[in-house]
Asker: 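Following this message is one structure expressed as structure tokens.
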Amino acid sequence: MPADFSILSLTIWLPIVGGLWVIFAGRRVHDSAVRKDALLFSVLTLLLSALLWHRFDNSAVELQFVERLPWIEAFGIEYFIGIDGIALPLILLTTFTTVLVVLAGWVVIKDRLSLYMGSFLILEGLMIGVFSALDAILFYIFWEAMLIPMFLIIGIWGGPRRVYATIKFFLYTLMGSLFMLVALLYIHNKGGSFAIFAMHETALTLIEQQWIFVAFLLAFAVKIPMWPVHTWLPDAHVEAPTGGSVVLAAIMLKMGGYGFVRFSLPIAPDASASFDGLMIALSLIAIVYIGFVALAQSDMKKLIAYSSISHMGFVTLGLFVVFQVASATGEWQQAAMGIEGGMVQMISHGFISAAMFLCVGVMYDRVHSREIGDYGGVANTMPVFAGFMMLFAMANAGLPGTSGFVGEFLVILTAFKANVWYAFLAALTLILGAAYTLWMYKRVIFGAVSNPAVAQLTDINGREKLMLSALAVMVMLFGIWPAPLFDMMHVSVEQLVNHISQSKLR
Amino acid sequence: MTELQAVLPEAILTGLACLTLMVDVFRRPGAVALTFWSAVLSVLVVLIAVATLFPPGMTTYFHGTFVLDPMAAVLKTFLLVVVLFSFFYARDYLQRHGEDQSVFFILALFATLGMMVLISAHSLLTIYLGLELLSLSLYAMVAMDRDSKAASEAAMKYFVLGALASGMLLYGMSMLYGVSGTLDLSELAQRTSGAEANLLFTFGLVFVLIGIAFKLGVAPFHMWVPDVYEGAPTPVTLFLGSAPKLAAFAMAIRVLADGLGGLHESWQDMLILLAVLSMAIGNIVAIAQTNIKRMLAYSTISHMGFLLLGIIAANAIGYAASMFYVIVYAITSMGAFAAIILLSSAGHESDQLSDFTGLAKRSPWMAFIMLVLMFSLAGVPPFAGFWAKWFVLKELVGAGEAWLAAVAVFFSLIGAYYYLRVIKLMYFDEPTGALPALTGSEDARLVFSVNGLAVLVLGFLPGTLMSVCLGAMLVGTG
């Protein structure tokens with residue numbers, strides 16, 4: 001037990017302490033030492049999270065690795081952390097992605113390297129904190145503190161319009177979270193506890209739930225992002241350095257989905273049910289309309305950013321279609337598949353979007369352009385890279401056998417039970433996704449070499465091969481054999497569905 | 001505790017301030033060190049006196065004109081600490097700018113005395129006495145730099161508007177006295193609670209509130225704040241923007257909660273108006289500023305508006321939230337002004353936002369501290385400013401004013417923009433041209449680091465200070 005006791009805390013604080021160490025020691029040592037330190041800390045954290053997975057009991061209903069210490073006793077705020085099957089995959093995704101990000105910035109970042117690496121490590125710790133916090137205030141602190149390193153990452157190492165993008169990112173996210181804070185305080189005022197799972201049990205009237213739902217929606221919809229509050233994402237993605245884009249797409253967007261699962265659905269189940277039409281409509285708009293918007297992009301990063309929004313629409317669709325499925329079929333177990341589909345979609349999108357952004361980063365590092373028009377014929381000079389990108393493009397389009405297919409398929413299947421038209425509209429993405437991804441792939445990778453810079457490209461080196469292969473393995477593994485993921489989350493999702501199937505209005 | 005013991009810190013300070021005045025005569029021209037150390041020692045002695053005479057409960061002395069309660073002791077402690085810090089910053093500024101203005105320390109000591117009297121005031125007359133001692137010292141401090149036109153203009157403006165506000169306050173007090181026949185706050189509380197709402201009470205309240213609002217610098221009585229902050233020499237601005245806020249908060253609590261608690265339904269509505277206006281004007285107008293002292297002046301206005309929100313809750317925990325807020329604010333804003341002092345050099349005030357351009361490359365540590373201070377002012381966790389806002393919002397929601405909390409966070413969001421802009425200048429922009437090297441003295445930089453780290457530590461462990469504030473308020477106002 002004592003061995004178990006501190007693993008989760010260590011997973012949160014090791015990267016934060018390591019990040020501070022890298023920042024403050026980094027100014028006095030050579031850059032190569034900074035890189036090694038950063039890699040060491042990120043790999044150690046990955047190993048720690050693997051240990052978490054190893055010791056995680058898939059069949060246990062209760063929370064695991066719980067640590068509960070008083071923090072601010074006057075108000076009953078606790079240092080209360082623990083994980084369930086919903087949080088664990090996201091933590092694993094975080095630690096996995098951070099290693100890639102450290103590798104991605106290995107030689108590319110020359111200005112203030114220690115601050116760059118340190119910021120990502122601190123960010124990693126804070127993100128793990130978000131996924132493991134069980135006290136609402138602790139959650140909120142991790143949630144907002146996370147903005148600070150990201151703000152610096154985009155602002156310092158970003159592209160030409162980085163300042164605009166980063167301030168927009170910060171203010172958009174802050175807007176949502178501040179209203180969430182008021183909602184959390186309101187629930188505390190009603191129920192008298194800041195523990196998230198106690199909030200789940202807090203009795204609230206429908207009107208209260210609806211206000212709370214709207215406040216949460218502001219926070220999580222901005223983060224996911226949902227149409228129409230998505231506009232910060234293309235800007236932030238385009239301007240962010242490759243590592244920043246990867247973390248944004250792979251992990252930060254998932255926090256919105258996680259927030260819905262952890263807060264909106266269980267705290268305000270009746271409001272969620274009453275607003276499900278709106279949520280489904282917004283999700284479908286994201287899937288279809290944003291899919292068309294992606295088709296029109298000439299900037300690769302922007303295209304992937306819009307494709308992210310479209311894919312995240314599946315997550316919200318999967319989460320909120322459950323109420324209609326339950327009322328159509330009368331069976332909540334059918335509905336659980338929607339939530340599981342949404343969760344799988346989040347994990348899979350984490351891998352695929354990270355891979356896509358890394359691919360763009362690989363080309364950008366060489367050509368210094370993100371415009372599709374500046375490329376063409378990359379396959380001639382970078383055949384290995386073209387092979388990797390082919391796989392990721394196919395996964396992004398949702399090809400069966402890749403992880404992109406599993407989540408989308410489950411969500412569409414669930415949506416079918418609610419309404420055929422939902423499924424029809426959602427399924428359009430299989431066409432649209434293929435269209436914008438493969439069309440971009442065709443224009444960039446195939447064809448004749450028109451740009452002299454492309455003619456001089458060198459194929460990916462060992463470091464880049466390592467990053468892309470790791471992602472390729474994940475994408476294929478979860479495409480063919482997603483069972484470990486389902487096993488991990490199944491019990492927790494079932495419990496969640498049981499909870500939201502009970503109205504709070506008794 | 002005898003009556004003499006109760007006022008011992010104030011008595012000691014009076015003596016030591018006069019002594020410092022005498023010591024100042026014997027210093028070498030051009031060197032402020034002697035006066036500085038004399039002033040620092042005076043503050044330290046008084047700090048020890050305040051700490052040793054920490055009262056267990058609330059007792060009044062001198063026929064109810066002077067009160068000693070935990071709230072007074074806590075506020076005085078923080079007041080003296082803030083004053084002590086500001087002395088170190090001021091010495092650094094005066095030395096570097098070659099200014100022979102030892103009068104700063106003497107006036108500051110007298111202002112401190114005024115603030116301590118104000119914090120412990122338990123009668124309308126004592127309030128006025130403390131307030132005037134504070135204000136007159138501040139007017140002179142603002143005008144300290146004789147050759148600066150901006151400073152003279154600021155002092156003049158401050159004096160005229162301040163005198164007007166004092167007049168309003170006195171007028172209000174005379175009305176309250178006219179209806180109740182007493183100057184004592186406890187007796188006033190008895191007369192106002194439960195009694196038929198007397199229109200004259202409400203009139204008196206309005207005028208007294210104007211006086212308080214002026215001292216806090218909340219809209220629409222904020223006009224002097226930006227001009228005075230900008231025109232005054234930076235160490236004076238630093239002093240003016242931190243310590244007196246603690247005293248003004250005490251004055252608000254003494255008058256509104258202790259004295260006119262029975263009229264809370266009247267002043268709650270007025271405070272809501274003042275608070276929302278301040279948050280709106282402060283946060284929106286701050287965006288347009290290019291002078292950082294002016295920007296921080298508008299930021300002060302918005303923060304004081306936020307501070308009032310805790311008082312609106314009209315219960316002991318709400319007051320505690322405001323108290324926590326004002327203490328955190330005083331520490332944080334002091335640090336922000338100190339950054340301007342540390343950046344300045346002889347003949348260069350460095351009070352423009354552009355002076356902060358590229359600071360992260362010139363001095364990463366200082367930029368980091370400034371980043372902490374700015375995020376704290378913006379209310380982003382994990383810094384102290386977040387907890388200050390959190391505590392006030394929590395009490396506001398608890399008092400059933402969730403809509404007001406939503407308004408407050410909306411304006412905080414607007415406010416976040418201009419704090420982010422400072423960080424943007426420091427971290428994202430390259431230094432333009434040849435900015436003068438940083439010449440801040442070692443001890444001032446050390447004090448600045450301690451200042452910034454205090455904000456950081458309070459962010460991680462706010463519980464102790466919260467408990468202290470809660471304890472002080474729960475004893476003080478029952």
Side-chain angles (χ1 to χ4, degrees), chain A residues 16 23-24 26-27 70-75 77 111-112 114-115 126 129 137-138 140-148 151-152 154-158 162-164 166-190 194 208 211-212 215 218, chain B residues 317 320 360-361 364-365 368 371-372 375 378-383 386-387 389-400 402-417 419-421 423-430 459-471:
Chain A
I16 295 180
I23 290 176
F24 288 109
R27 260 184 283 140
W71 181 21
I72 299 172
E73 289 179 71
F75 298 107
I77 298 175
D111 176 35
R112 287 180 265 180
S114 60
L115 187 58
L126 296 173
I137 298 301
L138 186 67
Y140 185 81
I141 286 174
F142 281 127
W143 173 273
E144 280 224 338
M146 194 174 71
L147 296 180
I148 298 173
F151 176 71
L152 293 179
I154 302 178
I156 298 178
W157 296 280
R162 60 184 194 277
V163 173
Y164 169 80
T166 196
I167 289 184
K168 189 171 178 181
F169 157 74
F170 195 99
L171 291 182
Y172 251 82
T173 327
L174 187 64
M175 173 190 78
S177 18
L178 281 171
F179 288 104
M180 172 172 78
L181 178 64
V182 177
L184 291 176
L185 290 172
Y186 189 88
I187 303 165
H188 168 258
N189 193 38
K190 282 274 158 187
F194 279 119
E208 285 173 333
W211 278 107
I212 288 166
L218 276 173
Chain B
I317 306 179
K361 286 208 166 155
W365 178 247
F368 171 72
L371 173 120
V372 169
F375 274 125
V380 176
F383 306 116
F386 162 72
W387 290 108
K389 284 202 160 70
W390 175 85
F391 198 173
V392 169
L393 287 176
K394 176 177 169 294
E395 291 318 313
L396 212 50
V397 172
W403 68 274
L404 204 54
V407 172
V409 298
F410 174 73
F411 285 119
S412 303
L413 175 70
I414 297 178
Y417 172 74
Y419 299 119
L420 290 184
R421 195 173 51 181
I423 296 164
K424 171 228 161 203
L425 286 170
M426 292 191 303
Y427 277 86
F428 304 166
D429 293 356
E430 294 294 320
F460 282 104
L461 301 165
T464 314
L465 184 56
M466 281 179 179
S467 303
V468 167
C469 291
L470 272 175

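Below, chain A is the first sequence line, B the second, and so on; all start at residue 1.
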Asker: Heavy-atom distances under 4.5 Å only: say whether B/Ile414 touches chain A with side chain, backbone, both or neither.
Answerer: neither
Asker: Which answer fits B/Tyr417, side chain, backbone, both or neither, if we ask what part of it has an atom under 4.5 Å from a heavy atom of chain A?
Answerer: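 When you check distances to chain A, atoms from both the backbone and side chain of B/Tyr417 fall under 4.5 Å.
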Asker: Heavy-atom distances under 4.5 Å only: say whether A/Ser177 touches chain B with side chain, backbone, both or neither.
Answerer: neither
Asker: Go through the atoms of A/Glu73 and report whether side chain, backbone, both or neither lie under 4.5 Å from a heavy atom of chain B.
Answerer: neither
Asker: Measure across A/Leu152 and B/Leu371 and return the closest heavy-atom pair with its distance rounded to 0.1 Å.
Answerer: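 Shortest heavy-atom contact: CD2-CD1, 4.1 Å.
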Asker: Taking all atoms of both residues into account, what is the closest heavy-atom pair of B/Ala360 and A/Arg112, and its distance?
Answerer: CB-NH1, 3.8 Å
Asker: So which of B/Pro381, B/Gly463, B/Pro462 has the biggest tally of heavy-atom pairs under 4.5 Å with chain A?
Answerer: B/Pro381
Asker: Where on B/Ile423 is there a heavy atom nearer than 4.5 Å to chain A: the side chain, the backbone, both, or neither?
Answerer: side chain
Asker: CZ/B/Phe411 to CG/A/Leu178 distance, rounded to the nearest 0.5 angstrom?
Answerer: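 The distance works out to 13.5 Å.
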Asker: Quick check: closest heavy atoms across B/Ala416 and A/Leu171, and the distance to 0.1 Å?
Answerer: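 Of all heavy-atom pairs spanning B/Ala416 and A/Leu171, the closest is CB-CD2, 4.0 Å.
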Asker: Please flag which part of A/Ile137 lies under 4.5 Å from any non-hydrogen atom of chain B: side chain, backbone, both or neither.
Answerer: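 For A/Ile137, side-chain heavy atoms alone lie under 4.5 Å from chain B.
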Asker: Heavy-atom pairs under 4.5 Å with chain B - which of A/Lys190, A/His188, A/Glu144 has more of them than the others?
Answerer: A/Glu144
Asker: Can you measure from NZ (B/Lys394) to CG (A/Leu181) and round to the nearest 0.5 angstrom?
Answerer: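 Interatomic distance, B/Lys394 NZ to A/Leu181 CG, rounded to 0.5 Å: 12.0 Å.
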Asker: Tell me, for A/Trp211 versus chain B, whether the close heavy atoms (under 4.5 Å) come from the side chain, the backbone, both or neither.
Answerer: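 When you check distances to chain B, no heavy atom of A/Trp211 falls under 4.5 Å.
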Asker: Please rank A/Trp71, A/Phe151, A/Tyr140 by heavy-atom pairs under 4.5 Å with chain B and give me the top one.
Answerer: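 Top count of heavy-atom pairs under 4.5 Å with chain B: A/Phe151.
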Asker: Before we go on, tell me: are the rings of A/Phe170 and B/Tyr419 under 6.0 Å apart, centre to centre?
Answerer: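 For A/Phe170 and B/Tyr419, the ring centres are not under 6.0 Å apart.
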Asker: Check side chain to side chain donor-acceptor pair (under 3.5 Å) between A/Lys168 and all other residues, then give those that pass, not counting sequence neighbours.
Answerer: A/Tyr164, A/Asp235
Asker: Report yes if some heavy atom in the side chain of A/Ile23 is under 4.5 Å from a heavy atom in the side chain of B/Phe368; otherwise report no.
Answerer: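 Sidechains of B/Phe368 and A/Ile23: no contact.
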Asker: For the pair A/Arg162 (side chain) and B/Phe428 (backbone), establish whether a donor and an acceptor sit closer than 3.5 Å, ignoring hydrogens and angles.
Answerer: yes
Asker: Rounded to the nearest 0.5 Å, how far does CD1 of A/Ile77 lie from CE of B/Met466?
Answerer: 6.5 Å
Asker: Can you tell me how far the CD1 atom of A/Ile72 sits from the CH2 atom of B/Trp387, to the nearest 0.5 Å?
Answerer: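 One gets 3.5 Å once the value is rounded to the nearest 0.5 Å.
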Asker: Return the set of residues passing ring pair (Phe, Tyr, Trp, His ring centres under 6.0 Å) with A/Phe75 (not counting sequence neighbours), or none when no residue passes.
Answerer: B/Trp390, B/Phe391
Asker: Which region of B/Leu420, side chain (C-beta onward) or backbone (N, CA, C, O), has a non-hydrogen atom less than 4.5 Å from a non-hydrogen atom of chain A, or is it both or neither?
Answerer: both
Asker: Considering non-hydrogen atoms only, spot the tightest contact between A/Ala74 and B/Leu470 and give its length.
Answerer: CB-CD1, 3.9 Å
Asker: For B/Lys361, I'd like to know if atom NZ has over 12 heavy atoms of other residues, nucleotides or ligands within 6.0 Å.
Answerer: yes
